[in-house]
S.K.: 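Submitted below is the structure of interest, expressed as structure tokens.
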There are 2 protein chains.
Amino acid sequence: MTAQGLDEVFGALADPTRRAILARLASGDANVGELTAPFRMSQPAISRHLKVLERAGLISRRRRATARLSHLEAEPLREAAAWLVGYREYWEESYERLDALLSTLDRREASASTSRSRPGTSAKPKRKGVPDGQDQSHR
Amino acid sequence: MTAQGLDEVFGALADPTRRAILARLASGDANVGELTAPFRMSQPAISRHLKVLERAGLISRRRRATARLSHLEAEPLREAAAWLVGYREYWEESYERLDALLSTLDRREASASTSRSRPGTSAKPKRKGVPDGQDQSHR
DNA sequence: GTCATCTATAACCTTTCTGTTATGTACTGG
DNA sequence: CCAGTACATAACAGAAAGGTTATAGATGAC
């Protein structure tokens, strides 16, 4: 992922309204009106938030009649997560808590089916490389 | 993690200079002068970036003689990652790639010692809950 | 105490962000 | 085709971000 891509994704995620929009889209595609309703904010304001999210690649859009449906595109979230993973070694025991969280989710969705353990994930890593982040871009 | 906390963490990560500073700190604590050197930017500018990182909890600082050392505090990164995990279900096969990445790191750091496998992590999750993000804060 | 060093703050400027209201545009249904 | 619905864009305003230079403050050495 490019430095600018990270700028846009993290920048998009830095706003609570936009995170709420993503959360709403997680439960299904929605048009602008539906996305505007929960907020005390004008429709144009939401349209611009949507544009920010679209530029970051976090949503895609298509027409349906006169409406435009927004669709969650989580790939950039994955890339952001992958970037964070570069610092996983510094989470140390914190990482284990995250891993425990993952396991919890796993178990919950595995329901009564085969239980799946995640062994070997509790070892403490030593210092390794981290993305150098020497992008040096300027405004 | 609070909504404002996420605002600050993601906001801090949205700047390439700040990400580069974090990357530098991953290789050890550093004073302001050392952090300024790699950039074509004044020392006060870096001091302000450091303040943003500090407010987000991403660094802590202590004095050593006349210098002030910055220290990476990765806990907020972990929390940001945990937030992203709320969308893991949408990564689907993408998630498996992230998991593969984790496995790769595991293996690399495990070196010639005991090889550790991560079974059961390739199952595709179904829809679940996602942080609702209805924070509704305003500026 | 005084000097030297390292960092923070003040004051300022420009650009970007985020919201507003008003208006334009695109698509559909009858 | 024309009226209505749904959304986008324009124009504007205020606040925040991010940089600069100049200067103040804190700390250790002597």
Side-chain angles (χ1 to χ4, degrees), chain A residues 3-4 6-22 24-25 28-56 58-71 133 135-139, chain B residues 3-4 6-22 24-25 28-56 58-71 133 135-139:
Chain A
Q4 218 208 324
L6 287 174
D7 286 8
E8 287 174 352
V9 172
F10 284 130
L13 296 182
D15 184 281
T17 301
R18 288 191 289 262
R19 287 197 306 276
I21 289 173
L22 293 181
R24 165 61 186 80
L25 293 178
D29 296 357
N31 63 34
V32 177
E34 292 164 344
L35 293 175
T36 300
F39 299 97
R40 286 194 313 166
M41 203 179 293
S42 65
Q43 168 263 311
I46 299 296
S47 279
R48 286 173 50 161
H49 280 302
L50 291 174
K51 189 177 273 183
V52 172
L53 290 170
E54 189 173 24
R55 282 209 55 184
L58 286 161
I59 66 171
S60 60
R61 315 180 75 180
R62 62 178 219 276
R63 276 209 172 275
R64 187 183 60 184
T66 71
R68 289 190 71 189
L69 291 186
S70 293
H71 175 80
D135 14 71
Q136 211 69 303
S137 45
H138 241 239
R139 244 160 289 268
Chain B
Q4 218 209 325
L6 287 174
D7 285 8
E8 287 174 351
V9 172
F10 284 131
L13 296 181
D15 185 282
T17 301
R18 287 192 290 260
R19 287 197 304 276
I21 288 173
L22 293 180
R24 166 61 186 80
L25 293 179
D29 296 357
N31 64 32
V32 177
E34 291 163 345
L35 292 174
T36 301
F39 300 97
R40 286 193 312 166
M41 203 179 293
S42 64
Q43 168 263 310
I46 299 296
S47 278
R48 286 174 46 158
H49 280 302
L50 291 175
K51 188 176 273 184
V52 171
L53 290 170
E54 190 174 24
R55 283 210 54 183
L58 285 161
I59 65 172
S60 59
R61 316 180 74 180
R62 65 178 216 275
R63 278 209 171 275
R64 188 182 58 186
T66 73
R68 288 188 72 188
L69 291 185
S70 293
H71 175 79
D135 14 71
Q136 210 68 301
S137 48
H138 240 236
R139 240 162 290 272

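All values derive from a computational prediction rather than experimental measurement. These values consider heavy atoms only, across backbone and side chains, with no hydrogens, waters or symmetry-generated copies.
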S.K.: Quick one: are Asn31(A) and Glu34(A) in side-chain contact, heavy atoms under 4.5 Å?
M.R.: yes
S.K.: Map Thr66(A) and Arg48(A) onto DNA chain C by nearest heavy atom, then report which one ends up closer to the 5' terminus.
M.R.: Arg48(A)
S.K.: Answer yes or no: is there a side-chain heavy-atom contact under 4.5 Å between Arg18(A) and Ile59(A)?
M.R.: no
S.K.: Atom CZ of Arg40(A) and atom P of dT21(C): how far apart are they, to the nearest Å?
M.R.: 13 Å
S.K.: Report yes or no: is there a donor-acceptor pair, N or O only, under 3.5 Å between the side chain of Gln43(B) and the base of dA8(C)?
M.R.: yes
S.K.: So, Arg64(A) and Asp29(A), do they make that salt bridge, N to O below 4.0 Å?
M.R.: no
S.K.: Compare all side-chain heavy atoms of Asp7(B) with those of Arg19(A) and state whether any distance is below 4.5 angstrom.
M.R.: yes
S.K.: Ile59(B) has an atom CD1; how far is it from atom C1' of dT7(C), in whole Å?
M.R.: 13 Å
S.K.: Any side-chain N or O of Ser47(A) under 4.0 Å from OP1/OP2 of dA8(D)?
M.R.: yes
S.K.: Quick check: on DNA chain D, is the nucleotide nearest Val32(A) upstream (toward 5') of the one nearest Arg63(B), or the reverse? Name the residue that is more 5'.
M.R.: Val32(A)
S.K.: Taking for each residue the nucleotide of DNA chain C with the nearest heavy atom, is it Ala65(A) or Arg18(A) whose nucleotide lies nearer the 5' end?
M.R.: Arg18(A)
S.K.: For Arg61(B), report the nucleic acid contact type (base, sugar-phosphate, nothing); a contact means any heavy atom under 4.0 Å.
M.R.: sugar-phosphate
S.K.: Among the candidates dA22(D), dG19(D), dA8(D), find the nucleotide nearest to the side-chain atoms of Pro44(B).
M.R.: dA22(D)
S.K.: Is the phosphate of dT20(D), meaning OP1 or OP2, less than 4.0 Å from a side-chain N or O of Ser42(B)?
M.R.: yes
S.K.: Once you round it to whole Å, what is the distance between C1' of dA8(D) and NZ of Lys51(A)?
M.R.: 7 Å
S.K.: What integer distance in Å separates Asp15(B):CG from dA17(D):C1'?
M.R.: 9 Å
S.K.: For Arg55(B), I'd like to know if atom CZ has over 12 heavy atoms of other residues, nucleotides or ligands within 6.0 Å.
M.R.: no
S.K.: Can you check the Leu69(B) CG to dC6(C) C1' distance for me, whole Å?
M.R.: 11 Å
S.K.: Quick one: Glu34(A) CD to dC7(D) C1', roughly how many Å, whole number?
M.R.: 13 Å
S.K.: Tell me the interatomic distance from Glu8(B), atom CD, to dA17(D), atom P, rounded to whole angstroms.
M.R.: 10 Å
S.K.: Please give, in whole Å, the distance from dA17(D) P to His49(B) NE2?
M.R.: 12 Å
